[in-house]
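By convention in this document, chain letters (A, B, ...) are assigned in the order of the sequence lines, proteins followed by strands, and residues within each chain are numbered from 1.
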Protein chains: 2
Amino acid sequence: MPFEQLKLKNQLCHRLYMASNSIARSYRAPLAEINLTYPQYVVMMALWEKDKITIAELIEKTAIDGSALTQILKKMTDKKLLAVIKGEQDKRKRHIQLTNDGQALKLKAAHIPTEIRCKFDSIDATHSLQLMQALDLVINDLKSDNKYEA
Amino acid sequence: MPFEQLKLKNQLCHRLYMASNSIARSYRAPLAEINLTYPQYVVMMALWEKDKITIAELIEKTAIDGSALTQILKKMTDKKLLAVIKGEQDKRKRHIQLTNDGQALKLKAAHIPTEIRCKFDSIDATHSLQLMQALDLVINDLKSDNKYEA
DNA sequence: ATATTTTATTTTGCATGCAAAATAATAATA
DNA sequence: TATTATTATTTTGCATGCAAAATAAAATAT
């Protein structure tokens with residue numbers, strides 16, 4: 001069977017593409033209610049866990065691309081959710097700090113994970129955990145990858 | 001543990017986000033060699049499987065958004081990979097047809113799935129199949145979703 | 001047959017994701 | 001210490017992904 005691997009049906013990558021888009025899309029409506037996009041929500045989640053972190057730490061934690069993050073943080077600053085503060089010792093670094101509004105938003109967002117999870121008829125907690133672990137393997141296998149090439 | 005579900009570590013969605021971006025990123029270099037982006041490659045794979053299909057069929061098969069697809073097809077037309085042909089009976093429909101160049105590219109792309117698969121140390125064929133099936137469940141659970149909301 | 005609705009696709013506007021180049025500031029070195 | 005790397009972040013340019021509005025053409029209803 002030559003070219004069998006070129007079929008979309010056989011491609012893990014295309015599944016990931018579809019699943020990732022689908023789930024991000026299903027976050028859109030709930031997030032729109034609190035005026036956030038998905039990446040912005042990810043940034044908020046990172047900061048709700050640990051505030052006043054560096055941009056580098058935020059990149060590490062969220063896996064959002066740095067150049068995109070700059071733009072995202074600008075918009076979130078405009079929305080008064082956070083502030084970007086120049087480092088004192090090391091002036092290259094910037095520290096991200098939630099505003100009161102930003103902190104308060106956590107309450108309004110608390111229901112979202114549950115709401116999303118309700119959409120999964122086929123996937124229970126155990127199943128979900130297995131999936132996450134499998135995805136972690138994928139992520140780890142590719143982590144080193146994008147360095148050797150360069 | 002209130003807010004536990006808001007932690008990034010516990011979110012399937014963020015895993016999918018990271019995994020999908022990672023793997024798409026790792027396709028970039030190999031695809032650049034044949035002058036394709038990932039979505040363009042997906043379109044080519046769909047057409048290599050079945051040529052002369054409608055835009056609607058292409059959307060169905062690739063899960064690429066229609067409005068994005070219009071732009072993508074424009075670029076691929078410029079590259080002489082395919083042609084967009086107005087339907088004869090139903091003039092609303094467009095049929096996509098590979099050019100000779102487009103068909104020929106299949107040979108140059110044949111090695112890519114293997115090349116990518118080599119990057120997965122942790123994931124064998126069985127594992128990969130399980131992952132794909134799990135992702136199919138996610139995709140199916142969300143398929144109906146985005147309709148009820150609207 | 002004409003008005004209305006539905007379908008297929010495109011256009012528009014906004015928000016990323018990403019590579020590459022540009023900046024700015026600290027660290028390392030001759 | 002002046003010079004040269006190295007870091008941290010931003011800017012730029014291009015390619016989507018997506019919702020909403022616009023077009024165009026076929027199907028329905030009146």
A.B. asks: Output yes when a side-chain donor or acceptor of B/Arg94 lies under 3.5 Å from a complementary backbone atom of B/Ile53, and no otherwise.
C.D. replies: no
A.B. asks: Just checking B/Leu69: base, sugar-phosphate only, or nothing, at a heavy-atom cut-off of under 4.0 Å?
C.D. replies: nothing
A.B. asks: In whole Å, what is the span from the CG atom of A/Leu58 to the C1' atom of C/dT16?
C.D. replies: 15 Å
A.B. asks: With a 3.5 Å distance limit and no angle check, can you tell me whether B/Thr62 reaches the backbone of B/Ile64 through a side-chain donor-acceptor pair?
C.D. replies: yes
A.B. asks: Let's see if you can work this out: which of C/dT9, D/dT9, C/dT16 has an atom nearest to the side-chain heavy atoms of B/Lys93?
C.D. replies: C/dT9
A.B. asks: Indicate whether OP1 or OP2 belonging to C/dT16 is found under 4.0 Å from a side-chain N or O atom of A/Thr37.
C.D. replies: yes
A.B. asks: For B/Ser67 and A/Asp65, take the nucleotide of DNA chain C holding the closest heavy atom to each; which residue's nucleotide lies nearer the 5' end?
C.D. replies: B/Ser67
A.B. asks: Roughly how far, to the nearest 0.5 Å, is the CD1 atom of A/Ile123 from the CG atom of B/Asn140?
C.D. replies: 10.0 Å
A.B. asks: On DNA chain D, does the nearest nucleotide to A/Ala24 precede the nearest nucleotide to A/Ile59 from the 5' side, or the other way round? Give the residue.
C.D. replies: A/Ile59
A.B. asks: Within the structure, does a side-chain N or O atom of B/Tyr38 lie under 4.0 Å from either OP1 or OP2 of C/dG17?
C.D. replies: no
A.B. asks: A/Leu142 has an atom CG; how far is it from atom P of C/dG17, in whole Å?
C.D. replies: 17 Å
A.B. asks: With a cut-off of less than 4.0 Å, is there a side-chain N or O of B/Gln89 near OP1 or OP2 of D/dA26?
C.D. replies: no
A.B. asks: Please work out if A/Ile64 contacts a base, only the sugar-phosphate, or nothing of the nucleic acid, heavy-atom cut-off 4.0 Å.
C.D. replies: sugar-phosphate
A.B. asks: A/Lys91 has an atom NZ; how far is it from atom P of D/dT10, in whole Å?
C.D. replies: 17 Å
A.B. asks: For B/Gln71 and D/dC18, what is the distance between atoms CD and P respectively, to the nearest whole Å?
C.D. replies: 14 Å
A.B. asks: If I take atom CD1 in residue A/Ile55 and atom C1' in nucleotide D/dT7, what distance separates them, rounded to the nearest angstrom?
C.D. replies: 13 Å
A.B. asks: Base of C/dA8, side chain of B/Thr54 - is there a donor-acceptor contact under 3.5 Å?
C.D. replies: no
A.B. asks: Less than 4.0 Å between a side-chain N and a carboxylate O, is that true for A/Glu57 and A/Lys50?
C.D. replies: yes
A.B. asks: When the distance from CG of B/Asn21 to P of D/dT16 is rounded to whole Å, what number comes out?
C.D. replies: 15 Å
A.B. asks: Return the value, rounded to whole Å, for the distance between atom OH of B/Tyr17 and atom P of D/dG17.
C.D. replies: 14 Å
A.B. asks: At less than 4.0 Å, is any side-chain N or O atom of A/Lys74 found next to OP1 or OP2 of C/dT16? Yes or no.
C.D. replies: no
A.B. asks: Kindly say whether, by distance alone, the side chain of A/Arg92 makes a donor-acceptor pair under 3.5 Å with the base of D/dT7?
C.D. replies: yes
A.B. asks: Nearest heavy atom decides the nucleotide; on that basis, is A/Asp90 or B/Asp90 closer to the 5' end of DNA chain D?
C.D. replies: A/Asp90
A.B. asks: Starting from P on D/dA15, measure out to CG on B/Leu36 and report it in whole angstrom.
C.D. replies: 12 Å
A.B. asks: For A/Ser128 and A/Asp124, indicate whether the former's side chain and the latter's backbone hold a donor-acceptor pair under 3.5 Å.
C.D. replies: no
A.B. asks: What's the closest nucleotide to the B/Lys75 side chain, out of D/dT16, C/dG17, C/dT10?
C.D. replies: D/dT16
A.B. asks: Does C/dA30 have a Watson-Crick or wobble partner in any strand here, with both distances under 3.5 angstrom, and which is it?
C.D. replies: D/dT1
A.B. asks: Examine D/dC18: is either OP1 or OP2 under 4.0 Å from a nitrogen or oxygen in the side chain of A/Arg25? Give yes or no.
C.D. replies: yes
A.B. asks: Taking only N and O in the side chain of A/Arg94, is any of them less than 4.0 Å away from OP1 or OP2 of D/dT10?
C.D. replies: yes
A.B. asks: Look at the side-chain N and O atoms of A/Lys79 and state whether any lies under 4.0 Å from the OP1 or OP2 oxygen of C/dA15.
C.D. replies: no
A.B. asks: Under a 4.0 Å N-O cut-off, is there an ion pair linking A/Glu49 with A/Lys61?
C.D. replies: yes
